[in-house]
Amino acid sequence: MSRPWTVVYMGTPRCAADTIERLMEGPDPVVGVVTRPDRPAGRGQKTIPSPVRLVAEAHKIPVITPEKIRSDEFLGHLSAWAPDLIVVVAFGRILPRSVLDLAPQGCMNVHYSLLPRYRGAAPMTWALVNGDETSGVTTMRLVEQMDAGPILLQEEVPIAPEETSASLEAKLSPIGAQLLLQTIRGLKEGSIKDIPQRKEEATYAAMLKKEDGEIDWTQPARVIERLVRAFSPWPSAYTHWRKQLLKVYRASVMNEKSQVPPGEVVRADDQGLWVNTGDGVLNLQEVQLENRKRLPSSEFVRGARIEKGARF
RNA sequence: CGCGGGGUGGAGCAGUCCGGUAGCUCGCAAGGCUCAUAACCUUGAGGUCGGUGGUUCAAAUCCACCCCCCGCAA
């Protein structure tokens, strides 16, 4: 096999952290890491380092957290590291031409969808919202246009019936890491060739907005159930009850119809919280009222004194 | 100093404003009923009301500080 490639890694969240750990088990040394600056997070604006930063520091790899991607300072750092290859996983920033062209082997990206479908920030979530039966992971070369570069390798992964964004991410993350190693190996061997994306088949997975999680009770039960799964655990599907936010973490479609208006409680007992929708009854199985703990709905019902006829 | 809500038998909650017998829906135990049951009836056990200090004849309740949990925001 040919000589190792030095790699600079860019990424931020949990799945990117898992991936760099796997990458470091491979033959190619990670010589530098770029991640988002520590941000105030959680209550009391405590500053939290990104998951990728924690991993990098634990392995004593140099880390930079540039505020500006388009700066000479940033380019200077990258050049000093002189990477053969730049790997980008869920970094959350668009890279300029100058960065894309910096490494001899270019920039490679791991994306959690079967491109060209679901280009963009939240591919797994939107695949679940749409009720897709499969998702997947793609490695590709980065180009200036977001997620539009040539595909290197791709692996399809089935979506389980009760899949949530959290479970799908946990599933795709190691597969992506594996695919990344495989891609690098293949590129060295010359066994992989670029496959241009069919841009006419491209779809876009927009960044999630909180309001996207608001439940429209006139929708079919199965559509709402998918929304609940897709937005679990973040940003979560929600509705309102007595002027308070009620998050819904788990729901299941009941084989039952009701004549009451959509959003009305059909039944509330130790079997859960049954609510009518546009086309049938949905059982909210796990909920969380504002300021309270996340609970099985049977327990929520006990304390909240919510009854048949209540409206969301 | 980002904003806000909460901690009450094993679970989920009410009671706190206006201090005075520890309450609700469940769970648990025993007994009853029943062909039978996760159903129903009766009875019972189980609590230093997050902690410490203060005010008071008297504190779950009022005051001060501390610990823990959560929603918003990011």
Side-chain angles (χ1 to χ4, degrees), chain A residues 10-17 34-55 63-69 89-94 120-122 124-125 164-166 169 205-217 224 227-252 254-256 263-275 281-312:
Chain A
M10 302 188 188
T12 300
R14 171 85 262 133
C15 58
V34 184
T35 191
R36 301 259 287 207
D38 299 355
R39 318 203 80 99
R43 285 165 218 107
Q45 64 172 141
K46 282 163 295 203
T47 290
I48 300 290
S50 79
V52 165
R53 175 174 189 159
L54 292 176
V55 169
V63 181
I64 57 173
T65 58
E67 286 291 346
K68 287 175 74 92
I69 296 295
V89 181
F91 182 50
R93 310 287 283 268
I94 306 277
M124 295 179 281
T125 301
T164 64
S165 285
E169 180 176 332
M207 221 178 325
L208 299 179
K209 290 181 302 213
K210 282 230 128 143
E211 311 86 81
D212 294 330
E214 173 146 28
I215 294 172
D216 174 0
W217 293 105
I224 298 173
L227 180 76
V228 167
R229 279 192 285 122
F231 277 51
S232 168
W234 191 90
S236 91
Y238 63 92
T239 186
H240 291 276
W241 183 63
R242 294 185 186 167
K243 310 270 194 224
Q244 287 191 295
L245 184 72
L246 184 77
K247 292 184 171 184
V248 182
Y249 286 101
R250 203 153 47 83
S252 66
M254 297 285 105
N255 187 19
E256 189 168 317
E264 184 166 323
V265 173
V266 175
R267 194 181 147 179
D269 53 28
D270 58 0
Q271 298 301 305
L273 193 50
W274 301 36
V275 183
V281 175
L282 188 69
N283 185 356
L284 313 185
Q285 296 178 314
E286 194 174 11
V287 298
Q288 179 175 28
L289 190 63
E290 192 173 322
N291 299 331
R292 311 223 90 120
K293 265 189 297 189
R294 181 169 166 171
L295 292 173
S297 55
S298 53
E299 295 187 5
F300 170 75
V301 166
R302 242 171 241 132
R305 288 134 209 251
I306 183 168
E307 296 179 336
K308 180 177 172 181
R311 296 293 303 274
F312 288 116

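Values reported hereafter were calculated over all heavy atoms of this structure, with side chains retained and with hydrogens, waters and symmetry mates removed. Chain identifiers are assigned alphabetically (A, B, ...) following the order of the sequence lines, protein sequences preceding nucleic acid strands; residue numbering begins at 1 within each chain.
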For [N] versus [M], give the span between their [atom1] atoms, rounded off to a whole number of Å.
N	M	atom1	value
B:rU61	B:rC40	C1'	38 Å
B:rA30	B:rC35	C1'	23 Å
B:rU21	B:rC28	C1'	25 Å
B:rC13	B:rU52	P	24 Å
B:rG47	B:rA11	P	13 Å
B:rC18	B:rA60	C1'	15 Å
B:rG50	B:rG10	P	13 Å
B:rC62	B:rC70	P	25 Å

Supply the atom-to-atom distance A:Trp234 CH2 to A:Ser165 OG, rounded to the nearest 0.5 angstrom.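 Those atoms lie 10.0 Å apart.
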
Starting at OG of A:Ser50, measure out to CZ of A:Arg14 and round the result to the nearest 0.5 Å.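 Those atoms lie 10.0 Å apart.
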
Identified pairing partner of [N], criterion: Watson-Crick or G-U wobble below 3.5 Å:
N	value
B:rC72	B:rG2
B:rG23	B:rC13
B:rA39	none
B:rU52	B:rA64

Applying side-chain contact (heavy atoms from CB on, under 4.5 Å), name anything that partners [X], two or more places apart in sequence or on another chain.
X	value
A:Ala230	A:Thr125, A:Leu128, A:Val129
A:Ser252	A:Met254, A:Asn283, A:Gln285
A:Pro296	A:Ser298, A:Glu299

Quick one: on RNA chain B, does A:Lys210 or A:Gln288 contact a more 5' nucleotide (nearest heavy atom)?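 Looking at RNA chain B, the more 5' nearest nucleotide goes with A:Gln288.
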
Round to a whole Å and report the spacing from [atom1] of [X] to [atom2] of [N].
X	N	atom1	atom2	result
A:Lys209	B:rA73	NZ	C1'	18 Å
A:His240	B:rC72	NE2	P	11 Å
A:Leu246	B:rC70	CG	P	17 Å
A:Tyr238	B:rC72	OH	P	10 Å
A:Leu245	B:rG4	CG	C1'	13 Å
A:Asp269	B:rA39	CG	C1'	13 Å
A:Asn291	B:rA73	CG	P	13 Å

Using OP1 and OP2 only, check whether a side-chain N or O of A:Lys247 sits under 4.0 Å from B:rC72.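 Looking at the OP1 and OP2 atoms of B:rC72, one of them is under 4.0 Å from a side-chain N or O of A:Lys247.
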
Provide a list of protein-nucleic acid N or O atom pairs under 3.5 angstrom, restricted to nucleotides 11-15 of chain B.
{"unit_1": "B:rA11", "atom_1": "O2'", "unit_2": "A:Glu299", "atom_2": "OE1", "d": "2.6"}
{"unit_1": "B:rA11", "atom_1": "O2'", "unit_2": "A:Glu299", "atom_2": "OE2", "d": "3.3"}
{"unit_1": "B:rG12", "atom_1": "OP1", "unit_2": "A:Lys293", "atom_2": "NZ", "d": "2.7"}
{"unit_1": "B:rG12", "atom_1": "O2'", "unit_2": "A:Glu299", "atom_2": "O", "d": "2.8"}
{"unit_1": "B:rG12", "atom_1": "O2'", "unit_2": "A:Gly303", "atom_2": "N", "d": "3.4"}
{"unit_1": "B:rC13", "atom_1": "OP1", "unit_2": "A:Arg292", "atom_2": "NE", "d": "3.2"}
{"unit_1": "B:rC13", "atom_1": "O2'", "unit_2": "A:Gly303", "atom_2": "O", "d": "2.9"}

Hey, does A:Gln244 reach any base, or is it just sugar-phosphate, or nothing, if we go heavy atoms under 4.0 Å?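 No contact.
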
With A:Arg294 via salt bridge (charged side-chain N to carboxylate O under 4.0 Å, His left out) - residues at least two apart: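 With sequence neighbours excluded, A:Arg294 shows a salt bridge (charged side-chain N to carboxylate O under 4.0 Å, His left out) to A:Glu286, given in chain and number order.
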
What residues form a salt bridge (charged side-chain N to carboxylate O under 4.0 Å, His left out) with A:Asp216, not counting sequence neighbours?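 Residues passing salt bridge (charged side-chain N to carboxylate O under 4.0 Å, His left out) with A:Asp216: none at all.
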
Give the ring-plane orientation class for A:Phe300 versus A:Trp241, where under 30° counts as parallel, over 60° as perpendicular and anything between as tilted.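 Ring orientation, 0 to 90° scale: perpendicular.
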
